[in-house]
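If you read the sequence from its start, that first residue is 1, and numbering goes on from there. Atom set for the values below is all heavy atoms of this structure, side chains included, hydrogens, waters and symmetry mates excluded.
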Amino acid sequence: MSEISLPVEGGALETYRLSGRASPLARRDRASFNRVAFAAAHVVADPLAAADPWIDAAIDWDATLRFRHRLWDLGFGVAEAMDTAQRGMGLNFPQAQELIRRSLREAASRGDALIACGAGTDHLAPSKDLSLDAILDAYLEQVAFVEGEGGQVILMASRALAAAARSPDDYLEVYGRVLDAARRPVILHWLGEMFDPALEGYWGSPDHGAAMDTCLALIEANADKIEGIKISLLSKEKEIAMRRRLPAGVRMYTGDDFNYAELIAGDGEGHSDALLGIFDAIAPAASAALEALAAGREAEFHAILSPTVALSRHIFRAPTRFYKTGVVFLAYLNGLQDHFTMVGGQESARSTLHLAELFRLADRANCLDDRDRAIARMRAVLAVRGVA
């Protein structure tokens, strides 16, 4: 039986015996699913670039694009240039433009690839003194870029608007004008403050219930310009409450990396589609589960996906904004990139104990593709961090 010595709290080591099995890597297309499922994809850093990781985002384009093809091969859509790609958290707008341009070109080369791309205001420095017109212009510039490249827009939350808005009406004005200018329906993204503290009080209130009312008022007034909304509040109760109030034809995309299995399965009153960062990390398992759900095998869906929830909750634990470290670490363990180096140097953002527990949970969730490779790579990381 495969085993490895892993650290535990207090500085000791324990022998961990792997018990999981790899999820089958079967090619699927979108027609295999009865849910729309986007994976928010990470970027692969170039570890040999002559760049300072905290300042410059050096990207390995070949590895980054190969990863997107893997997601398409598994039936997922790609949500491009989102926070999983460290957008606004290491990846600036010119770099995001290049990522969007390249990914859209790759998607077009396939003919079957679903892709949507983030547009926000991250090239505008947040300030309480910004005018709404300046924020609007920033949004319009990015929306025009994505649409000009042939992409669908995911309208990202704006740090600049969060800093400058004085009331819910300011949000309604800016978003309303952006939606008027969009050429095709967009996906809204309400990213909670647990993912980005600069977004606290979004939609004009620190109370999520009041904020939801404002967001729903926007959606109801512009339902023909909104394909769906992704909310990332890590609260199934809030997502379900909002889902039940959406106008007909507007999708709820779950961004709840704590409760996605039950939200996707749904209840007697509806279900959520998915736009999830965790699908980057657990793609083979999630693909198999979604195929089972579409075939009416709901018990199998839960049997496959439920064990991944503990892994996801660990990866997305507070401070949630560091979840990308776990996503990339699992990609490294699974051989999807040859190193554990990240944009922004965020490979240092989680502790050695955190990574060791991630390894255990990934094994139990059947999310390690090759035991021997995963053990060898885990040992290499532990050695660098001083674990003999």
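Looking at R101 and C117, their side chains never come closer than 4.5 Å, going by heavy atoms from C-beta outward. A heavy-atom distance below 4.5 Å is not found between the side chains of E106 and T64. P307 places none of its side-chain heavy atoms less than 4.5 Å from the side chain of R364. Two residues are said to be in side-chain contact when any heavy atoms from C-beta on lie closer than 4.5 Å; V78 and W72 meet this criterion. Between R350 and F329 there is no side-chain heavy-atom pair separated by less than 4.5 Å. Proximity of M212 to K238: side-chain heavy atoms (C-beta onward) are separated by under 4.5 Å at one or more points. Side chains of L216 and M242 form a contact here, defined as non-hydrogen atoms less than 4.5 Å apart. Here the side chains of L71 and F279 are not in contact, with every heavy-atom distance at 4.5 Å or above.
Residue pairs meeting the side chain to side chain donor-acceptor pair (under 3.5 Å) criterion with at least one member in residues 247-258, sequence neighbours excluded, are E227-R251, E227-Y253, E239-T254, R251-D273, D256-N259. Sorted by first and then second residue, the pairs that involve residues 171-187 and meet side chain to side chain donor-acceptor pair (under 3.5 Å), not counting sequence neighbours, are D133-R177, Y139-Y175, E173-R177, Y175-Y202.
Residues Q142 and G120 share a closest heavy-atom pair of OE1-N, 2.7 Å. Closest approach of G228 and V250 over heavy atoms only: CA-CG1, 3.8 Å. Of all non-hydrogen atoms in S205 and A211, the two that sit nearest each other are O-CB, 4.0 Å. Of all the heavy atoms in T325 and A349, the pair that sits closest is OG1-CB, 3.4 Å. A pairwise comparison of heavy atoms in L233 and M194 identifies O-CE, 3.4 Å as the closest pair.
Each of F38 and F67 belongs to its own hydrophobic cluster when Ile, Leu, Val, Met, Phe, Trp and Tyr are linked at side-chain heavy-atom distances under 4.5 angstrom. If you chain together hydrophobic residues whose side chains sit under 4.5 Å apart, V328 and I315 fall into the same group. Cluster annotation: I154 and I135 are assigned to distinct hydrophobic clusters (Ile/Leu/Val/Met/Phe/Trp/Tyr, side-chain heavy-atom contacts under 4.5 Å, transitive). Residues I304 and F258 do not share a hydrophobic cluster, clusters being chains of Ile/Leu/Val/Met/Phe/Trp/Tyr side chains in contact below 4.5 Å. Both L25 and I278 sit in one connected hydrophobic cluster of ILVMFWY residues. Membership requires side-chain heavy atoms under 4.5 Å apart, directly or through other members.
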Can you list the steps and then say if K236 with E262 is a salt bridge (charged side-chain N to carboxylate O under 4.0 Å, His left out)?
CA-CA 9 Å; K236 64 180 180 181; E262 59 185 292; 3.2 Å; yes
Evaluate the side-chain contact (heavy atoms from CB on, under 4.5 Å) criterion for residues L6 and L382: first the C-alpha distance (whole Å), next the side-chain angles of each, then the deciding distance (0.1 Å), finally the verdict.
CA-CA 8 Å; L6 294 175; L382 291 175; 4.0 Å; yes
Residue pair M89, F195: steps toward the side-chain contact (heavy atoms from CB on, under 4.5 Å) verdict:
CA-CA 11 Å; M89 304 175 187; F195 286 87; 5.9 Å; no
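Remark: D73 does not engage R66 in a salt bridge, criterion side-chain N to carboxylate O under 4.0 Å. Residues R102 and D62 are not paired through a salt bridge, judged by the lack of any N-O separation under 4.0 Å between the basic side chain and the carboxylate.
Atom-to-atom distance recorded for L172:CG and T214:OG1 is 6.0 Å, nearest 0.5 angstrom. The CG atom of L199 sits 5.5 Å away from atom CG of L191, with the distance rounded to the nearest 0.5 Å. Rounded to the nearest 0.5 angstrom, L18 CG and I375 CD1 are separated by 4.5 Å. Here the straight-line distance linking atom CD of Q86 with atom CD of Q346 works out to 4.5 Å at 0.5 Å rounding. Taken from CD in E147 to CD in Q152, the straight-line distance is 9.0 Å, to the nearest 0.5 Å.
Partner of L293 under the side chain to side chain contact (heavy atoms under 4.5 Å, CB included) criterion, chosen from R35, E300, H302, H271: R35.
Every residue two or more places apart in sequence or in another chain that forms a side chain to side chain contact (heavy atoms under 4.5 Å, CB included) with E347 is listed here: F340, T341, M342. Applying the salt bridge (Lys or Arg N to Asp or Glu O under 4.0 Å) rule to D267 yields the partners R243, R244; only residues at least two apart in sequence or on another chain are considered. A58 pairs by the side chain to side chain contact (heavy atoms under 4.5 Å, CB included) definition with D46, A49, A51, not counting sequence neighbours. A search for side chain to side chain contact (heavy atoms under 4.5 Å, CB included) contacts involving H314 returns R317, H354, E357, L358, L361, not counting sequence neighbours.
In summary, the side chains of H123 and Q97 do not present any donor paired with an acceptor at a separation below 3.5 Å, with no hydrogens or angles considered. Between Y323 and T84, the side chains place a donor N or O and an acceptor N or O closer than 3.5 Å (distance only, hydrogens not considered).
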